[in-house]
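Notes follow once the structure below has been shown.
Whatever order the structure lists ligands and atoms in, that order sets their numbers, starting from 1.
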Amino acid sequence: MATENKAVITLFGATGDLAKRKLYTALFKLYQKGYLAEHFALLGTSRHDYTDEEFQELVRNSIKDVEESRDGEAADFSKHFFYKAHDVTKPEHYTILKERIEELDKQFGTEGNRLFYMSMAPQFFGTIAMNLKKQGLLSDDGFNRLVIEKPFGRDFDSAKKLNDALSQTFDENQIFRIDHYLGKEMVQNIQALRFGNTIIESLWNNRYIDNIQVTLSEKLGVEERAGYYDQSGALRDMVQNHIMQIVAQLAMEQPVSFTDTDVRVEKIKALRSLRVYTPSEAAANFVRGQYDAGDGTEAYRSADGVDPESGTETFVAAKLLFDNYRWSGVPFYVRTGKKLADKFTRIDVVFKKPLIDIFADPRNESDQSLNSNVLTIFVEPKSGFAMQLNAKRAGQGFTTQPVDLKYLQSDSDKKESPEPYERLFHDALEGNHTNFASWAEIAYAWKFVDVIRKLWDIEKPQFPNYTPGSMGPAASDELLARDGRKWVYRLNH
Ligand SMILES: NC(=O)C1=CN([C@@H]2O[C@H](COP(=O)(O)OP(=O)(O)OC[C@H]3O[C@@H](n4cnc5c(N)ncnc54)[C@H](OP(=O)(O)O)[C@@H]3O)[C@@H](O)[C@H]2O)C=CC1
Ligand SMILES: O=C1O[C@H](COP(=O)(O)O)[C@@H](O)[C@H](O)[C@H]1O
């Protein structure tokens, strides 16, 4: 039975792409499930002039593809939406919002609970937070929470400045920094798999694991977000946040309890032990790439909004090392890129082979009959996991072959799984921080990434260097080959 969350949500950037594509759908699903009901209202803002009715129509249009579970549900839902034109840079405009929020609080009986969601360009985050306090938009009765979109800064210094600005208004326990990968079912499953299964957790260390591979592969290019992306690149766009968050969950120790406070403590400790490279180590352990023309599409540099001489990377592969007792000597290989062979996210945990292979032919030194055991976590598009084991090939004689023990979520399980934004919105309304990045995690991630960024900003890359439809530049394979290893997921394999 769902417990209703009561709040006035103020959405900055209510007419933007993210709001229309993701946020209204997420809220509608919470409404369908009863997590939002009578006692909520959303006040949307942007500079554009809309009446409440026009805004409600925009919301209905945004959710038109979601199946209604009862007649008139979308219309009833949209009646909780209101609008005020507002320029976030104009302090006097906040007074209008304040009055409206107070009215909505009374009208919908939201008990003074306020959630402010910044779905806007990051340069406005600090200004909005400051004005929320200065112009008195915070409530004295219920909760005040701030949900903030990515990117959280572009390096450690700017992230710290932003965090300091937010901290003038909100405490750490009131801030919810979105990383939508933390809302994905199988990313959340990492902890269930590890800490719910002795068979896995007892082997989860450098005695048994040879290496861990994380791949966030995208088939699309930069599409309409070229302006943003060309200033960001894959390192900032995907590695500093999503990859670091996944890696932290793979590397962390078991938390004392499954509460947001204890989970955060362990993730922070894991990120603290991530080796921050010297510039020469960074050069050796990081690979960057940019896609060329091919496979029927234009090169990155020819995309609208991209500098024709752009040195921005659309691909990153790297080897990360943790200096702690559990992981010493185990490389974590990560990669992400646009215009790759396919859209998928997966984690491959490669176990060590038996020290002695009794099945190999002693007369043939190159006979390698046993494969490494590999635990694959399929994050998307399929959700589940598989364990590759060695087994006897059926029939006369004795040879081995790899076989899979596999669990894949059924279509109905998948239908039951909330989309990341639905889950994260609900968590923020509940005040649960487990699936949001803390400041300390972000700070460690930036300190790690800054070394690479500085190096890459000085050295001009040889771009473009990979073909659309491939798995990135050859140097990505060489990064592993140097260590006598291969990516588990390879094309034509
Ligand atoms: N779109 C996406 O897929 C993703 C977006 N994000 C992040 O979400 C945030 C929003 O992105 P997105 O929706 O794409 O951005 P958009 O550019 O589509 O929307 C920006 C919104 O801000 C409003 N706005 C701009 N300037 C002002 C101002 N001075 N005062 C008040 N409102 C203003 C715009 O309306 P108007 O111009 O009418 O004022 C619009 O509603 C960003 O931080 C982005 O990085 C993160 C992941 C994915
Ligand atoms: O945060 C981002 O993520 C998307 C990929 O997200 P996914 O859920 O579709 O895997 C990426 O395309 C975008 O560049 C980045 O900003």
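The residue among Lys338, His180, Glu380, Lys150 with a heavy atom at the shortest distance from atom 3 (O) of ligand 2 is His180.
Ligand 2 has no N or O atom lying under 3.5 Å from any N or O atom of Tyr229, backbone or side chain. Residue Tyr181 has at least one N or O atom closer than 3.5 Å to an N or O atom of ligand 2.
The two residues Thr336 and Val239 come nearest to each other via the heavy atoms CG2-CG2, 4.0 Å.
Remark: atom 37 (O) of ligand 1 lies closer than 4.0 Å to at least one protein heavy atom.
The closest protein non-hydrogen atom to atom 19 (O) of ligand 1 is Gly16 CA, 3.3 Å. For atom 18 (O) of ligand 1, the nearest protein heavy atom (residue, atom name, distance) is Asp17 N, 2.9 Å. Summary of contacts: the protein heavy atom closest to atom 42 (C) of ligand 1 is Met120 O, 3.2 Å.
Arg177 has a carboxylate O that lies under 4.0 Å from a charged side-chain N of Glu172, or vice versa, which qualifies the two as a salt bridge. Taking a cutoff of 4.0 Å between a charged side-chain nitrogen and a carboxylate oxygen, Asp292 and Arg301 do not qualify as a salt bridge. Ion pair Lys98/Glu102 flagged as a salt bridge, since at least one NZ, NE, NH1 or NH2 atom sits closer than 4.0 Å to an Asp/Glu carboxylate oxygen.
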Go through it in stages, so that I can follow the logic: the residues are Asp179 and Asn241, the test is side-chain hydrogen bond (donor to acceptor under 3.5 Å, both in side chains), and I'd like the CA-CA distance, side-chain angles, deciding distance and then a yes or no.
CA-CA 7 Å; Asp179 183 315; Asn241 37 55; 5.6 Å; no
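In Glu149, the part holding a heavy atom less than 4.0 Å from any atom of ligand 1 is the side chain.
Within ligand 1, the atoms closer than 4.0 Å to a non-hydrogen atom of Gly13 are 21 (C), 22 (O), 41 (O), numbered from 1 in the order shown. Heavy-atom proximity to His48, at under 4.0 Å, picks out these atoms of ligand 1: 38 (O). Near Lys150, meaning under 4.0 Å from one of its heavy atoms, ligand 1 places the atoms 7 (C), 42 (C), 43 (O), 44 (C), 45 (O), 46 (C). Within ligand 1, counting atoms from 1 as listed, the ones closer than 4.0 Å to a heavy atom of Ser119 are 9 (C), 10 (C).
Put simply, no part of Lys20 is less than 4.0 Å from ligand 1, judged by heavy atoms.
With ring centers used as reference points, Phe81 lies under 6.0 Å from Phe77.
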